[in-house]
Amino acid sequence: MKRSGCVARMFALLMAIAVLAGCADERLVQPGVASANGGIVIDTSLAWSRFVFPRYEIWTIDGIPLNRLYIVPAVKSGEHVFLEHRARADQADAPTFHAGMRAEEIRDIVLDALTETGAVNIQSEGLRPARFGTVDGLRFEFRASTVAGLRYRGMVLAAARGDQLTFLLWMAPAEYYYDRDAGSVDRLLDSARFDR
Amino acid sequence: MTARWCIAFLLALLLVPIARASDAPLRVATPGSRPAPGSDEAALWYAMDNAERELQLSPQLVRDAALNTYVRGVACKVAADYCADMRVYIVEQPWFNAMMAPNGMLIVWTGALLRARNEAELAFVIGHEVGHYRAQHVIQQWRHSKSVSAWTSAFEVAGTGAGAAIANPLGSLASGAALSSFSREQEGEADRLGFAAMVAHGYDPQAAVELWARILREEDTKANGKSASLFSSHPPTRERLDAMRAAVAALGAHADERDVAAYRAAIHPFLQHWLDAELARRQYAASILVISELLADAAPEDKALLSFYLGEAYRRRANAGDREESARWYAQAIALPDPPVAAWREHGMALRDAGQREAAADALHRYLELAGDAPDRAFVEHDLAELQEHAP
């Protein structure tokens, strides 16, 4: 069963408290070549605040509600695509990654996981092959709303490397923020590669 | 559910000592009447009016004029004299649910429209909700809860004070909101009133039995025993089904109007979209049952679409044997008139996985021919190139 939006918001609040309490490591990313956990290297023309969690990172320019770049490396087969929890027997239908998934299936689990976080009216477009460095991957864009009606747009780069999924997901309000940074983030995703 | 809900919840906690329960008798709720100014019921209506204003802005509201006109028409038939007191909202949520607030805000979720087969079933669902409205169950339950627990009261004020909470699939569940936490007696009374309303309008009462039986079967797909339906919380669905069967038997001869054609015409434009939403719930055992039963009852023109989505449900679940099942349904879909274009792609992929490379390539070529500027063209062309590369 879907987690309630309030629980999701409480989770976000706890995450914010964790950030404030120093549980997440915050750093500044300057324009240029930057590295993220999982051996991911990107070229960015933007400066970011970088919040590092044990298994993933969130980068933001103006604050997480306004724009955020999830960098999620090494999702193992059988794990929730957002690394929220390990799939359990009674959650067999959770959006979990499985080795060998097709591009459409990877897109679907990412979007279904977004639905779990409370996004509504999700639409995807532009599913296409892409390179994640030397690894074959996929790109797509999406649109979504909050239940209160705030419209977001986003873009995703994903690649299965061995039996693990790595993806970068950027989203920002369709009003102003998306258009302002979409070109820069598009180039950032094009530049993404593994350093080993 | 939004931050506003959380804020409303906290505010409600502060307001609990102020908003005390009333021992006033229920007012005579004649059509067009409103609660007395200053009463606790007026305060509840005020919260509902605020919720309704938020709901009117919700991105989940289905604004299609034809569908709204149709559903409102059915609602007015069973609401009779109370029609003018009622505003109907169709909300994009793939679960089976409907609810009616005491201020006349009637909400029907798209999951209920997908699962109903005819106008008679929809009339029963709405008649049930109108029954809660006419019998003033919300204000009764609200007063009862406030007398039992200040915490529960606070939840209800908060839960009903935000349209998003009502529109949210779990909003009303999580908050225990007044709109969905009725007593066994109140649910039974609403069933009886809904049943009487549909019978009075000449609908076939057996439709109510068939609807409840279908909901019970869907509930039974839940491995953890939890209800798959938000509509049927308490008393148990089986008990309500038995009561409905007894009511039909006691009725003897009855009308048999179901208005299948009108219902199908109203929902047909949304069928594919609602099936996508159904699969996005990721409750595949329930979805396989729901779509299988829709397929069994479907008009010929919908069978290819439903066969394809049944294949999709199996493919996405991916349990042992599901790949073979999905392949079977894709093959059926493309053999029927007017299959969705994506059925050719999935049929091709299934043939490829089964080692039938030539047939797979044919199906994928057919997909690309039909799909025009398919967004996944590059992936399919890549798959085709691989098939040709490894051709014997």
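Each chain gets a letter, A, B and so on, in the order its sequence line appears, and its residues count up from 1.
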Is [X] atom [atom1] crowded by more than 12 heavy atoms from other residues, nucleotides or ligands, each under 6.0 Å away?
{"X": "Asp163(A)", "atom1": "CG", "result": "no"}
{"X": "Glu175(A)", "atom1": "CD", "result": "no"}
{"X": "Arg128(A)", "atom1": "CZ", "result": "yes"}
{"X": "Arg180(A)", "atom1": "CZ", "result": "yes"}

How long is the span from the [atom1] atom in [X] to the [atom2] atom in [Y], to the nearest 0.5 Å?
{"X": "Arg102(A)", "Y": "Asp383(B)", "atom1": "CZ", "atom2": "CG", "answer": "7.5 Å"}
{"X": "Arg107(A)", "Y": "Asp376(B)", "atom1": "CZ", "atom2": "CG", "answer": "7.5 Å"}
{"X": "Ser287(B)", "Y": "Asp93(A)", "atom1": "OG", "atom2": "CG", "answer": "8.0 Å"}

Can you tell which part of [X] gets under 4.5 Å to a heavy atom of chain A, answering side chain, backbone, both or neither?
{"X": "Arg316(B)", "result": "side chain"}
{"X": "Glu312(B)", "result": "neither"}
{"X": "Ala285(B)", "result": "backbone"}

Checklist line | Closest-packed option against chain B by number of heavy-atom pairs under 4.5 Å, given Leu111(A), Ile122(A), Val120(A), Ile109(A) | finding: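 Option with the greatest count: Val120(A).
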
Next item on the list: Give the minimum heavy-atom separation between Pro129(A) and Ala378(B), together with the two atoms involved.
Entry: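 Closest pair (atom of Pro129(A), atom of Ala378(B), distance): CD-CB, 3.2 Å.
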
Notebook entry, point to check: Is a salt bridge present between Arg315(B) and Glu104(A), judged by a nitrogen-to-oxygen distance below 4.0 Å?
Noted result: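 Not counted as a salt bridge, because no side-chain N and carboxylate O are separated by less than 4.0 Å.
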
Margin query: Under 4.5 Å from any heavy atom of chain B, what part of Ser145(A) do you find: side chain, backbone, both or neither?
Written below: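 For Ser145(A), side-chain heavy atoms alone lie under 4.5 Å from chain B.
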
Next item on the list: Identify the residue among Asp108(A), Asp112(A), Thr115(A), Thr96(A) that makes a side chain to side chain donor-acceptor pair (under 3.5 Å) with Arg282(B).
Entry: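 The single option meeting the side chain to side chain donor-acceptor pair (under 3.5 Å) with Arg282(B) is Asp112(A).
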
